[in-house]
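Hydrogens, waters and symmetry mates are skipped; everything else that's a heavy atom, side chains included, is used. Both ligands and their constituent atoms are indexed starting at 1 by order of listing.
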Amino acid sequence: MTTNGDVSQGAARDESTSDQTGNDRARATVVVAREAGACYGVERALRMVGEAANQAGEVHTLGPLIHNPRVVRDLASVGVSEVDSLDGLRPGSTVVVRTHGVVPSIVDEARALGLGVLDATCPHVKKVHDSVSLLRSQGYQIVIVGDPGHPEVEAIVGYAGDDAIVVNDPDQLADVRIRPRVGVVAQTTQTHALLQAVVSRLTERAAEVRVFTTICSATRRRQQAAAELAGHADVIVVVGGRNSGNTSRLAQICRARCARTHHIEGEDELESAWFEGARVIGITAGASTPSSQIMSMRDAIVAMTGAKVEDDRE
Ligand code: SF4
């Protein structure tokens, strides 16, 4: 759908707009991917922290709230600071548990220190914690399909117990003792294909395999939409933190289909030369990029190129 309103200046200049280099940009179109930007869990966490920042008292996030340096900087400007541990925090201040969750002992420790806890764990991640707690209470050996060391996986292990097995490749089960009753969960961002491969391998060795399908589709949907857009765009701009794994993965997917892919964090990094001769300019963003950053990028590209706007999401 072509939109009007605050971004319609580009469309209004249709047929007559030339850029600074004299190239005719009249028929260029800016398209935002059908699925792009902050997912439900991230939007929820940002809202919760924003509300906490408006109240009296110190607010600290345990690690960066999301992998987006501009958002972290904006939070710092309203008094929300990032800490690595609970050490030295003043009683009465609030610690924020981010979307990945944390091991339960950290929440207990925070409360014992007199800190408030704002739990922004994504409800989808919470379901993984609930599933492993149930499996553990019923005596299952727990297998987590996930990346060892990832904060979400470390938190899940905190609920599953130290004897939980973490694998991101079915071959890793080869040297592991498997008990007769096994319960399986997945890190929310893993693929169904990997979960199925691990479960299939376990059924060869265990008498009972109980599986909770705890995969969140937000990442996959963003990747599919980015791939579709990159398949017909001349240029793709991927918006989001360079330290964001899911945003970098989107850039990789786009680059495989559109060589003129640029992964940037803000509109101040745009270069007009990127858009020379482009007819379709695509924008996508990872799950840690708020929609306000996508809209700022869209508006900046329109202002730079005179392109009109088409938003797949409207
Ligand atoms: Fe929650 Fe899914 Fe977003 Fe992760 S990707 S924070 S599980 S909505």
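Near H124, meaning under 4.0 Å from any of its heavy atoms, are these atoms of ligand 1: 1 (Fe), 7 (S), 8 (S). With ligand atoms numbered from 1 in the order given, ligand 1 contributes 7 (S) to contacts under 4.0 Å with heavy atoms of T188. Interface atoms of ligand 1 facing C122, defined by a heavy-atom separation under 4.0 Å, are 1 (Fe), 6 (S), 7 (S), 8 (S).
No donor-acceptor distance shorter than 3.5 angstrom exists from the side chain of Q190 to the backbone of G146, with no hydrogens or angles considered. No donor-acceptor pair under 3.5 Å is formed between the side chain of T289 and the backbone N or O of A285. Of the possible polar contacts, one joining the D234 side chain to the R279 backbone as a donor-acceptor pair under 3.5 Å is found.
T189 and T219 share no side-chain donor-acceptor pair at under 3.5 Å. Donor-acceptor pairing under 3.5 Å is recorded for the side chains of R210 and Q138.
Considering each of C39, G41, G101, the one bringing a non-hydrogen atom nearest atom 5 (S) of ligand 1 is C39.
Because the distance cut-off is set at 2.8 Å, C216 qualifies as a neighbour of atom 2 (Fe) of ligand 1 through one of its N, O or S atoms.
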